*Asks:* 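I am attaching a structure below and will ask some questions about it afterwards.
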Amino acid sequence: MFNININYTNIKNNTIQYKKVEKEKLAALMEEEAAMTPEQKMLYELLGGRKAHMQNVMRQYNSDGDFTAGGLVVPGMDATGIPESERHQIISISEDSRQKMFDNCKMK
């Protein structure tokens, strides 16, 4: 038999990282927990339960709450290194470019 002694009590609930994970993942996690059989629930608790699951998911987010795919910033995803307030800006494009994009989308 395995001796599993994992300590997941050091999760900091007041960090931006935790709050982002809680907002995006906790509801789905609770649904999964509700659907577990008693045997699955017992094993889940033995391996650390919700705290372990949350800590493992938190590893995919940086301290700013940006998704980083396990620690690496993925270009084109949430974690661009640019604050969210600066990511969403309206830029001007030429009428010609707008029309080309419109025509291309219309053809598909």
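On a predicted model such as this, the values are computed, not experimentally measured, just so you know.
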*Asks:* So, taking the atom named CD in Glu32 and the one named NE2 in His53, what distance separates them when rounded to the nearest 0.5 Å?
*Replies:* 5.5 Å

*Asks:* Give, for atom CD of Gln60 and atom CD of Gln17, the distance between the pair rounded to the nearest 0.5 Å.
*Replies:* 10.5 Å

*Asks:* At what distance, to the nearest 0.5 angstrom, does CD1 of Ile93 lie from CE of Met101?
*Replies:* 5.0 Å

*Asks:* Going from CE on Met54 to CG on Leu26, what distance comes out if it is rounded to the nearest 0.5 angstrom?
*Replies:* 5.0 Å

*Asks:* Report the residue from Glu22, Glu24, Lys23 that forms a side-chain contact (heavy atoms from CB on, under 4.5 Å) with Lys20.
*Replies:* Glu24

*Asks:* Within the side chain of Asn56, is there an N or O that forms a donor-acceptor pair under 3.5 Å with the backbone of Ala52?
*Replies:* yes

*Asks:* Evaluate Asp103 against Gln99 for side chain to side chain contact (heavy atoms under 4.5 Å, CB included), listing each step before the verdict.
*Replies:* CA-CA 6 Å; Asp103 292 339; Gln99 190 61 47; 2.9 Å; yes

*Asks:* Any chance CE of Met42 has more than 12 other-residue heavy atoms, nucleotides or ligands included, within less than 6.0 Å?
*Replies:* no

*Asks:* Can Tyr44 be reached from Met30 by stepping across I, L, V, M, F, W or Y side chains whose heavy atoms are under 4.5 Å apart?
*Replies:* yes

*Asks:* Would Glu95 and Arg98 count as a salt bridge (Lys or Arg N to Asp or Glu O under 4.0 Å) here? Give the steps.
*Replies:* CA-CA 5 Å; Glu95 184 62 29; Arg98 188 197 66 77; 2.5 Å; yes

*Asks:* Is it the case that over 12 heavy atoms from other parts of the model lie below 6.0 angstrom from the NZ atom of Lys41?
*Replies:* yes

